[in-house]
Amino acid sequence: GIYSYVHSSPTITGCIISENTASLEGGGVYCQSGNPTITDCTISGNEAKNNGGGICGFDSNPSIADCVISGNTALRGGGAYCKNSNFTITGCIISDNTASSEGGGIYQYDDESFNSILSDTAVCGNDPDQIYGTWTEDGDNTVQDICPTGACCSSFEDFCVPGVLEVACLQWGGQWLGEATSCD
């Protein structure tokens, strides 16, 4: 889908990155010694034969904000794979990704000098696990096997959407009515 290479720092905003396949790493986005800023994007339905179906980072420090990373597959890191990298993930939904080994949602390579930071992010519904490896909790994250959904209402013409994650509802500027609620 996108390749961010040595010393590149692209700004990727408002994009749909989907249905891409990589023979090795990074089906949707592959960062090798690059530091992209990815904002308001949907990264879905991508596949990598090895690592990082949605996003793969080697020696990189990507900043990912207000994105949906969903339905991606890989050997390790269905949603995201981080090796010698520090990902900063804010306000994202990382759900329904699959890894045939570890890190259905996120795979953080086990090295104490690198640690991804998550804030205001939902990591849920990934298989076989949500996050493999260490990561820094920077507040208001949901990390669990089943994605908690409920109704999201907006004052705009009494608009209501059922089955929404809380983080998505708040990103839309709506009012989340709570887990397992409906629009009735």
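Throughout, residue positions are numbered sequentially from 1 according to the sequence presented.
Residues satisfying the disulfide (SG to SG under 2.5 Å) test with Cys153, not counting sequence neighbours, are none.
Hydrophobic clustering (side-chain heavy atoms under 4.5 Å, transitive across Ile, Leu, Val, Met, Phe, Trp, Tyr) keeps Val123 apart from Ile146. In the hydrophobic clustering of this structure, Tyr107 does not group with Ile38; members are Ile, Leu, Val, Met, Phe, Trp, Tyr whose side-chain heavy atoms approach within less than 4.5 Å, directly or through other members. No path of Ile, Leu, Val, Met, Phe, Trp and Tyr side chains, each step under 4.5 Å between heavy atoms, connects Val68 with Ile89, placing them in separate hydrophobic clusters.
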request  = Under the side-chain contact (heavy atoms from CB on, under 4.5 Å) rule, what do Val29 and Cys56 come out as? Steps first, then yes or no, please.
outcome  = CA-CA 6 Å; Val29 179; Cys56 183; over 6 Å; no
query = Could you walk me through whether Cys15 and Cys41 pass the disulfide bond (SG atoms under 2.5 Å apart) check?
reply = CA-CA 5 Å; Cys15 295; Cys41 291; 4.6 Å; no
inquiry  = Between Tyr132 and Ile106, is the side-chain contact (heavy atoms from CB on, under 4.5 Å) condition met? List the steps.
reply    = CA-CA 6 Å; Tyr132 176 86; Ile106 299 171; over 6 Å; no
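Residues Pro148 and Leu165 form a side-chain contact, since some pair of their non-hydrogen atoms from C-beta on lies under 4.5 Å apart. Using a 4.5 Å heavy-atom cutoff, the side chains of Thr42 and Ile17 are not in contact. Residues Thr21 and Asn46 have side chains not in contact (no heavy-atom distance under 4.5 Å, counting atoms from C-beta outward). Looking at Thr121 and Ile94, their side chains come closer than 4.5 Å, going by heavy atoms from C-beta outward. Within the 4.5 Å cutoff, no side-chain heavy atoms of Asn72 are placed close to those of Glu47.
Shortest non-hydrogen contact noted between Ala99 and Leu75 is CB-O, 3.5 Å. Summarising the geometry of Ile43 relative to Gly54, their closest heavy-atom pair is CG2-O, 3.6 Å, with the distance given to 0.1 Å. The two residues Cys31 and Gly34 come nearest to each other via the heavy atoms CB-O, 4.1 Å. Closest approach of Asn35 to Ser4, counting heavy atoms only: N-OG, 4.0 Å. The heavy-atom pair separating Val143 from Trp135 by the smallest distance is CG2-CH2, 3.8 Å. Here the shortest heavy-atom pairing between Ile69 and Ile55 reads CD1-CD1, 3.8 Å.
Note that SG of Cys147 and CD of Glu166 are 12.5 Å apart. Values are rounded to the nearest 0.5 Å. Atom CG of Asn126 is separated from atom CG of Asn97 by 5.0 Å, given to the nearest 0.5 angstrom. The distance from the CG atom of Asn51 to the CZ atom of Arg76 is 5.0 Å, given to the nearest 0.5 Å. Ile131 CD1 to Leu118 CG: the interatomic distance, rounded to the nearest 0.5 Å, is 5.5 Å. Remark: Trp176 CH2 to Cys169 SG distance equals 8.5 Å, nearest 0.5 Å. The CG atom of Asp66 lies 10.5 Å from the OG1 atom of Thr13; values are rounded to the nearest 0.5 Å.
Between the side chain of Asn86 and the main chain of Asn115, a donor-acceptor pair closer than 3.5 Å is present. Distance alone, capped at 3.5 Å, places no donor-acceptor pair between the Ser60 side chain and the Gly57 backbone. No donor-acceptor pair closer than 3.5 Å links the side chain of Ser95 to the backbone N or O of Ile93. Between the side chain of Ser85 and the main chain of Asp59, a donor-acceptor pair closer than 3.5 Å is present.
In this pair, Tyr30 and Tyr3 present their aromatic rings parallel. The plane angle is below 30°, not in the 30 to 60° band.
In summary, the side chains of Thr98 and Asp127 do not present any donor paired with an acceptor at a separation below 3.5 Å, with no hydrogens or angles considered. Under the 3.5 Å distance criterion, with hydrogens and angles disregarded, a donor-acceptor pair is assigned to the side chains of Gln108 and Ser116.
Side-chain rings of Tyr109 and Tyr81 stay apart, their centers remaining 6.0 Å or farther from each other.
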